[in-house]
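What follows is a single structure, written as structure tokens, with notes after it.
Computed over heavy atoms, backbone and side chain alike; hydrogens, waters and symmetry mates excluded.
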Amino acid sequence: MGLLLLFVFFIPSSFFGQHEEEVHLMTGKEHQEVEEEEFKAGEMIIEHITDAYEWHLITVGDHHYSIYLPVILYDEGEWHVFMSSKFHHGHDTYMGYFISKNDMNSGKIVKLDGNGNEIRPTLDISFTKNVLAILMVMILMIVVFISIAKSYEKRKDHAPKGLQSFMEPLILFIRDDVAKASIGEKRYERYVPFLLTIFFFILFNNLLGIVPFFPGGANITGNIGVTGVLAVFVFIITTVSGNKNYWTHIINAPGVPWWLKLPIPLMPIVEIMGLFTKPFVLMVRLFANISAGHIIILGFISLIFIFGKMSLGLGYGVSVVSVGFSIFMNFLELLVAFIQAYVFTLLSALYFGMATEEAHH
Amino acid sequence: MSLINPGFGLIIWMTIAFLIVLFVLKKYAWKPIMNALKEREDSIEESLRAADRAKEDMKALKLDNEKLLHEAKDERDAILRDARKIKAKIIEEAKEAADKEADNIVESAKERIENEKKAALVEIKNTIATYSIEIAEKILREELKDKKKQEDYIKNLLKETSLN
């Protein structure tokens, strides 16, 4: 059901209009500027913030050093498993599959159908860069929080120490100021584990996303699939824990004039749409904020190379300004990393609170 | 736009990974952490309450002590007052007894002196009487040497007697 809903979210693509335009504008402009040049800023930026089949570490001279990840495809009743090194950084075709440069599928594995159109394989569950990054964050989180849990057990009723004292304010903040404040004294405890998990998952990923090299650099929370999964979890939990009061408010909201419900059920339609727009907004907000930050930083860096191509001196001159702005943006992103993790968690908690609220007469 | 075209594989992996993280952390991290935090909060609360109680107890104890001190002071004062009273009474009584004794002594002394005096007077009287009789005898003997004079005297005496 969750996946079905996720796809429902993706259908109204006109919702993305604004972001699409922004990105188009930016990438489009840079395309025009550097059309003749080898360096294509737009492609470079998109390449950096989207998923990939290999994890590019460094380029020395003409040689690319990457971590090659396994490609797992299911197509026409057959499984294909091979390493992404077969594509030679996207230059080669392997068994008819290649990495698309086409707009909608760019960076993804496609093959050509009979008419020369790029089509995706039936199932592409490759172990990509983002999957590896998620796995690393997953291990990091498990190690960090289990070690904290151990130190809680070891130092019972004592003041926190070390990593424990660093995390404790955050844990307490989520518990007291997010969960307890939004859901209420009586029912908040059930939701605390989920809220803590999404908060730290988003925070860790946001922070690692700012780090420009391995093990950071994967744009996980700026990937709409990842934020979508998180939003679907929030949606499922909200829907499952919705009580009678919650559903009454949606289907037959009290205190609303009857003509808004009959004969055309305007209010119910709006409320039911609201059910889906809430997690949808969660998904887009996190994705857009994190991606936008990365795009801006990469844009500033790109400026150095664009001007450098025109003249070397100009490149050096611009680099001072660009690096300055990038540093500023990095600080801003550090702030955004915390704010977005907090906002996502807070809004989730508010939705849970709305779903479990008792009727007050 | 590849940016908003999510990879299906990533969604699957993300769902699996997130569920694993959620359940592992829920069981092995959040539960013990939450319990420990709650326990600590409870113990802090309990300690604070105990401290408050101890403070209250101390206050009550202090009050008790003060009361006790006051009582002790009062008692001491009362005892002193009584002692003073008793002392005064004893002195008074002793004085009275002494006065009485002195009076008695003086009285008996006076009596004895009186008696002595009386005895002395009696003795003096006796002595004087003896001397008087002796003197009178001697005088009478001298006077009544001749007969005529004896007769005169007897006549005189008789005359006096008959008159009576």
Let me know if [X] has heavy atoms under 4.5 Å from chain B in its side chain, its backbone, both or neither.
| X | result |
| --- | --- |
| D124(A) | backbone |
| L135(A) | neither |
| I134(A) | side chain |
| R155(A) | neither |
| I220(A) | neither |
| F127(A) | both |

Check your understanding: More than 12 non-hydrogen atoms from neighbouring residues, nucleotides or ligands closer than 6.0 Å to CZ on F82(A), yes or no?
Key ->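 Correct, the count exceeds 12.
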Review point. Counting only heavy atoms not in Y153(B), do more than 12 fall under 6.0 Å of its OH?
Key: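 Open: at most 12 neighbouring heavy atoms sit under 6.0 Å from OH of Y153(B).
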Practice item. Below 4.5 Å from any heavy atom of chain A, which atoms of L22(B) appear? Answer side chain, backbone, both or neither. Key: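 Its backbone and side chain both get close to chain A.
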Check your understanding: Which atoms of F18(B) come close to chain A, meaning under 4.5 Å heavy atom to heavy atom: side chain ones, backbone ones, both, or neither?
Key ->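 It is the side chain, since no backbone atom gets that close.
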Practice item. Enumerate by number any residue of residues 80-91 of chain B whose heavy atoms lie under 4.5 Å from heavy atoms of chain A; in the absence of such residues, state 'none'. Key: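 No residue falls under the 4.5 Å cut-off.
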Check your understanding: Can you name the residues of residues 32-71 of chain B that have some heavy atom under 4.5 Å away from a heavy atom in chain A?
Key ->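 Residues in range: P32(B), I33(B), M34(B), A36(B), L37(B), K38(B), E39(B), R40(B), E41(B), S43(B).
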Check your understanding: For chain B, which residues from residues 137-147 of chain A lie under 4.5 Å away (heavy-atom distances)?
Key ->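 Answer by number: M138(A), M141(A), I142(A), F145(A), I146(A).
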Check your understanding: So, W13(B) and T128(A): side-chain donor and acceptor under 3.5 Å apart, yes or no?
Key ->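 No, no side-chain donor-acceptor contact under 3.5 Å.
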**Study point:** Inter- and intrachain pairs under salt bridge (Lys or Arg N to Asp or Glu O under 4.0 Å), touching residues 137-151 of chain A, at least two apart
**Key:**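 Passing the test, one end in residues 137-151 of chain A: no pairs.
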